[in-house]
Amino acid sequence: MLQLYGSEISSRLLLGTAGYASPDLLRHAVLASGAEIVTVSLRRESARTKTGQGFWALIEELGCRVLPNTAGCHTAKEAIATAQMARELFGTTWIKLEVIANDDTLQPDVFGLVEAATELSADGFDVLPYTTEDLSVAERLVAAGCEVLMPWGSPIGSARGLANKTALQTLRSYFPETPLIVDAGIGAPSHAAEAMEMGYDAVLLNTAVAKAGDPVKMAEGFARAVEAGRLAFEAGLLEPRDMASPSTPVAGTPFFKIDTVS
């Protein structure tokens, strides 16, 4: 069972809600994914205001926990203000914290991220920061009060998967007790399974499902991949070998000697 800020979550797949062709498609994709947490951008949805009533009703119908995010914020001050509005509108202290440094790569501004995380944690927020795989940044975020870290696999929407596996493995090893969620860049179920096999606690994705030819089938595919990857991690994966190792033992195997006639 996944533990996030004292809450038990059964599903290790978190799903974004942007970019779906219709609310009905979003509904069926979320149900197929089994996700219990969905992310919502305050700048994209107006929550309980007139234009967002249909969306909010859908989320309430699905019974999912809402994880508001500060997508589109470029400064710590902007992200803090957005988080405070989200707390009022959605009635939750959970916030996916994003502070963006570059509009092309959507890479996190790690300086602004730590600044905002420090202030929000002190203000009673449960901060889930979208960050890089940088170890020193992770240390500062944990020191700021973050009990969960969300390093990117690769840039948002790039579908490149885990671009820096070594750094992600180091992060996992260095923070064995901290919930780690790969957020962004996941493009295929195999990417999600790989993250889970490395010992990550969950994955968060959006575009790979929302923009798939069949979002509902893709959502189900990701759900199965996440479960398979977690089972493989818990079972214990074999270490890679440079040489072959026979699965059938050769000791005691009968052999025949062929005599040659001269």
Side-chain angles (χ1 to χ4, degrees), residues 2-5 7 9 11-18 35-41 65-73 76 79 82-83 86 92-101 105-110 112-118 120-121 125-158 160-165 167-172 174-187 191-192 194-196 198-208 222 226 229-230:
L2 178 61
Q3 294 268 355
L4 300 178
Y5 284 107
S7 296
I9 311 296
S11 174
R12 293 177 182 272
L13 175 61
L14 288 67
L15 206 60
T17 56
E36 298 174 40
I37 299 174
V38 295
T39 61
V40 178
S41 171
R65 178 188 284 269
V66 172
L67 175 59
N69 67 40
T70 61
C73 294
T82 302
T92 179
T93 56
W94 283 29
I95 192 74
K96 177 189 172 187
L97 181 61
E98 297 184 30
V99 183
I100 301 302
T105 65
L106 298 180
Q107 179 173 332
D109 175 355
V110 295
L113 186 65
V114 172
E115 179 185 347
T118 302
L120 289 172
S121 294
F125 281 88
D126 300 317
V127 181
L128 293 85
Y130 162 63
T131 182
T132 65
E133 68 284 325
D134 187 278
L135 182 58
S136 62
V137 176
E139 290 179 312
R140 284 166 173 76
L141 288 169
V142 170
C146 297
E147 296 181 13
V148 179
L149 298 175
M150 303 177 67
W152 66 350
S154 52
I156 294 173
S158 67
R160 287 168 48 194
L162 309 183
N164 193 342
K165 298 175 188 178
L168 288 171
Q169 288 172 329
T170 300
L171 201 63
R172 176 71 284 177
Y174 200 84
F175 294 99
E177 304 301 326
T178 302
L180 300 180
I181 302 171
V182 171
D183 176 18
I186 299 293
H191 298 156
E194 186 175 22
M196 299 304 293
M198 290 168 58
Y200 274 74
D201 296 282
V203 296
L204 193 161
L205 55 95
N206 186 171
T207 308
F222 271 107
V226 167
R230 182 65 186 184

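In what follows, residues are counted from 1 in the order of the sequence shown.
Closest approach of Thr82 to Cys73, counting heavy atoms only: OG1-SG, 3.4 Å. Ser11 approaches Ala35 most closely through the heavy-atom pair OG-CA, 3.7 Å. Across all their heavy atoms, Pro129 and Leu141 have their closest contact at CG-CD1, 3.9 Å. Residues Ala208 and Gly187 approach most closely at CB-O, 3.8 Å, considering heavy atoms. Listed here is the closest heavy atom pair of Gly112 and Ala76: O-CB, 3.5 Å. Phe175 and Leu180 get closest at one heavy-atom pair: O-CD1, 4.4 Å.
If you check the side chains of Arg65 and Ser7, you find a donor sitting under 3.5 Å from an acceptor. At a cut-off of 3.5 Å, with distance as the only test, a side-chain donor of Asp134 or Ser136 sits close to an acceptor on the other residue.
To the nearest 0.5 Å, atom CG of residue Leu204 and atom CG of residue Leu13 are 8.0 Å apart. Note that CD1 of Ile186 and CG of Leu205 are 7.0 Å apart. Values are rounded to the nearest 0.5 Å. Rounding to the nearest 0.5 Å places CG of Leu97 at 10.0 Å from CZ of Phe125. The structure places CD of Gln169 at 8.5 Å from OH of Tyr200, a figure rounded to the nearest 0.5 Å. Interatomic distance, Lys165 NZ to Glu133 CD, rounded to the nearest 0.5 Å: 13.5 Å. Between the CG atom in Leu4 and the CG atom in Asp126 there is a gap of 10.0 Å [rounded to 0.5 Å].
Side-chain atoms of Leu14 and Val38, non-hydrogen and from C-beta on, never get closer than 4.5 Å to each other. For the pair Leu15 and Asn206, the minimum side-chain heavy-atom distance is 4.5 Å or more. Inter-residue side-chain proximity for Tyr130 and Thr70 is flagged as unmet; no heavy-atom pair is nearer than 4.5 Å. By the 4.5 Å heavy-atom criterion applied to side chains, Arg160 and Pro155 are counted as neighbours. Two residues are said to be in side-chain contact when any heavy atoms from C-beta on lie closer than 4.5 Å; Asp109 and Ile100 fail this criterion. Looking at Trp152 and Thr132, their side chains come closer than 4.5 Å, going by heavy atoms from C-beta outward. Ser154 has its side chain out of reach of His191: every pair of non-hydrogen atoms, C-beta onward, lies at least 4.5 Å apart. Within the 4.5 Å cutoff, the side chain of Val99 has no heavy atoms near those of the Glu115 side chain.
Each of Leu67, Val148, Ile181 was scored for a side-chain contact (heavy atoms from CB on, under 4.5 Å) with Lys96, with one residue passing: Leu67. Among Asp183, Val66, Asn69, the single residue meeting the side-chain contact (heavy atoms from CB on, under 4.5 Å) criterion with Thr39 is Asn69.
Judged as a salt bridge (Lys or Arg N to Asp or Glu O under 4.0 Å), and not counting sequence neighbours, Arg140 has no contacts. Residues that satisfy the side chain to side chain donor-acceptor pair (under 3.5 Å) test with Tyr174, not counting sequence neighbours, are Glu139.
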Evaluate side chain to side chain contact (heavy atoms under 4.5 Å, CB included) for Tyr5 paired with Leu128, printing each intermediate quantity in order.
-> CA-CA 10 Å; Tyr5 284 107; Leu128 293 85; 3.9 Å; yes
Thr178 and Glu147: side chain to side chain contact (heavy atoms under 4.5 Å, CB included), yes or no, with the steps?
-> CA-CA 6 Å; Thr178 302; Glu147 296 181 13; over 6 Å; no
In sequence, state the C-alpha distance, the side-chain angles, and the governing distance for Asp201 and Arg172, and then conclude on salt bridge (Lys or Arg N to Asp or Glu O under 4.0 Å).
-> CA-CA 10 Å; Asp201 296 282; Arg172 176 71 284 177; 2.7 Å; yes
